Number of protein chains: 2
Amino acid sequence: MSLPHAILTALLEKPSSGLELTRRFDKSIGYFWSATHQQIYRELGRLEEKGLIRALPAAQPARGQKKEYEVLPAGRAALTEWVSLPEDPRPVRDPLLLRVRAAGVVGASGLAAELRRHLSLHRSQLAEYEAIEKRDFPATPATEEDRLRHLVLRGGIELETFWIGWLGEAVGRLSEPERGSAP
Amino acid sequence: MSLPHAILTALLEKPSSGLELTRRFDKSIGYFWSATHQQIYRELGRLEEKGLIRALPAAQPARGQKKEYEVLPAGRAALTEWVSLPEDPRPVRDPLLLRVRAAGVVGASGLAAELRRHLSLHRSQLAEYEAIEKRDFPATPATEEDRLRHLVLRGGIELETFWIGWLGEAVGRLSEPERGSAP
DNA sequence: ATCAGTTATGCAACTAGTTGCAAAAACTCG
DNA sequence: CGAGTTTTTGCAACTAGTTGCATAACTGAT
């Protein structure tokens, strides 16, 4: 139930066409709420139908012709309400942790390599976030909006740091020798 | 694509009926791959059809009558293969981070309370994990399986620790006064 | 002009997960 | 026994996300 809100947020930050939104979902907002262009177009249609956004009146709409959307007051209101709505954290569902557990019953052959691959992916992601932090967030951020965006980025950074730490631990453990049989 | 593998893992650890599996998915395996009973029954059906598991021959199957499943060699093979298959980490999709970002554009009223609520949920979860760690994992684990299970639990612990840290940071920032207007 | 490539929108079909409910079997207690 | 509760399995309909492809408009080269 968050995609519409992600789109409303993105459109409030800057009115855009579907494709522009898609590109922005490949970075920035997309770092913590990813979506494909099909999802975005479908949702734009729904939001327009519900009267939360509207297409800027340019030409009569035709397929293949660019359409820019902006948020209507009702859309802003809906987003405002959602921000403080109680909603429990969703249960964790992580394939990698599951695979390590499965390795406990069927053996860990080949898993270490996969963990190392993930480790390096997370390192790149962390580096990317840190570059953004350095570029966009100077020592004392000016606006409340900047402070909150920085906070979200910190979340990304700390999450990647968690993965890097855990994966390092895991790779180490997997290469440990078996215990208990030798003197 | 991980639910079938979660079920195979659980069944290898101990052959079970659908309901027993459901209960085990409320803890243990479910801590990092949650599933409802309907998902589980449906998937058990599919796995049986594909010849990866079978119902222990007890009585003729009838609705409402308990059915125990065990993993067949083909099922074990499928799981073994999956464990080391390359599969990229899925993109992050977290509603809470999104809400903080949205708060940047529509204002953060009420958000701090929700963050505090999440903070306390994560603290409970962490306490639960730590109790399990103390209970189930003594200083030097005996088997490889134990070591891997402990590793997974460590993942849960560190993930909760990340959330607690970040949420603490966030709650602090949200209660900071506005800057830049007073001398 | 027209053809190729890029930009932009969108449909259709699929997989995964959620919600609400039904219904058979087994248990239980007067 | 049998009426009511619990256990256990399951269907149906829905929401969310993914994959593959179609199609229109624009852009620039020949």
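Computed from a prediction, not measured in an experiment: that's the story for all the values here. Here is the naming used below: chain letters follow the sequence lines, and residue numbers restart at 1 for every chain.
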Novice: Side chain of B/Thr36 only, please: which of C/dG17, C/dT19, D/dT18 is the nearest?
Specialist: C/dT19
Novice: Quickly work out the B/Lys66 NZ to C/dA26 C1' distance and round it to whole Å.
Specialist: 11 Å
Novice: Nearest whole angstrom, please: distance from the P of D/dT18 to the CD of A/Glu43.
Specialist: 13 Å
Novice: Kindly point out which of D/dG10, C/dT9, C/dA16 is positioned nearest to the side chain of B/Tyr41?
Specialist: D/dG10
Novice: Once you measure the plane-to-plane angle for B/Trp166 and B/Trp163, does it fall in the parallel (<30°), tilted (30-60°) or perpendicular (>60°) bin?
Specialist: perpendicular
Novice: Rounded to whole angstrom units, what separation is found between the CZ atom of A/Arg93 and the C1' atom of D/dG17?
Specialist: 13 Å
Novice: Would you classify B/Ser17 as touching base, sugar-phosphate or nothing, given that sugar-phosphate means primed atoms plus P, OP1 and OP2, and contacts are heavy atoms under 4.0 Å?
Specialist: sugar-phosphate
Novice: Once you round it to whole Å, what is the distance between P of C/dT15 and CD of A/Gln39?
Specialist: 17 Å
Novice: Taking any heavy-atom pair under 4.0 Å as a contact, classify A/Arg90: base, sugar-phosphate, or nothing.
Specialist: nothing
Novice: What class does the angle between the rings of B/Tyr31 and B/Tyr129 fall in, given that below 30° is parallel, 30 to 60° is tilted and above 60° is perpendicular?
Specialist: perpendicular
Novice: In terms of the nearest nucleotide of DNA chain D, which residue is placed more toward the 5' end: B/Gln38 or A/Trp33?
Specialist: B/Gln38
Novice: D/dT7, C/dG10, C/dA16: which one has an atom nearest the side-chain heavy atoms of B/Leu19?
Specialist: D/dT7
Novice: Give the rounded distance in Å between these two atoms: CG of B/Leu3 and C1' of D/dG17.
Specialist: 16 Å
Novice: OP1 or OP2 of D/dG10 versus the side-chain N and O atoms of B/Lys67: is any pair under 4.0 Å?
Specialist: yes
Novice: For the side chain of B/Met1, starting at C-beta, report the closest nucleotide among C/dT9, C/dA16, D/dG17.
Specialist: C/dA16
Novice: Could you check whether A/Glu144 pairs with A/Arg147 (Lys NZ or Arg NE/NH1/NH2 to Asp/Glu carboxylate O, under 4.0 Å)?
Specialist: yes
Novice: Would you say the side chain of B/Arg42 and the base of D/dT9 hold a donor-acceptor pair, judged only by whether the two atoms sit under 3.5 Å apart?
Specialist: no
Novice: For A/Ile7 and D/dA16, what is the distance between atoms CD1 and P respectively, to the nearest whole Å?
Specialist: 12 Å
Novice: Is the number of heavy atoms from other residues, nucleotides or ligands under 6.0 Å of A/Lys134 NZ greater than 12?
Specialist: no
Novice: Could you tell me whether the phosphate oxygens of D/dT8, OP1 or OP2, come under 4.0 Å of any side-chain nitrogen or oxygen in B/Arg23?
Specialist: yes
Novice: Which whole-number value in Å describes the distance from A/Leu21 CG to C/dT7 P?
Specialist: 17 Å
Novice: For the pair made of CD in A/Glu49 and P in C/dG10, what is the distance, rounded to whole Å?
Specialist: 13 Å
Novice: 5'-most contact on DNA chain D: B/Gly18 or A/Ser34, nearest heavy atom basis?
Specialist: B/Gly18
Novice: So how far is it from A/Leu44 CG to A/Arg54 CZ, rounded to the nearest 0.5 Å?
Specialist: 15.0 Å
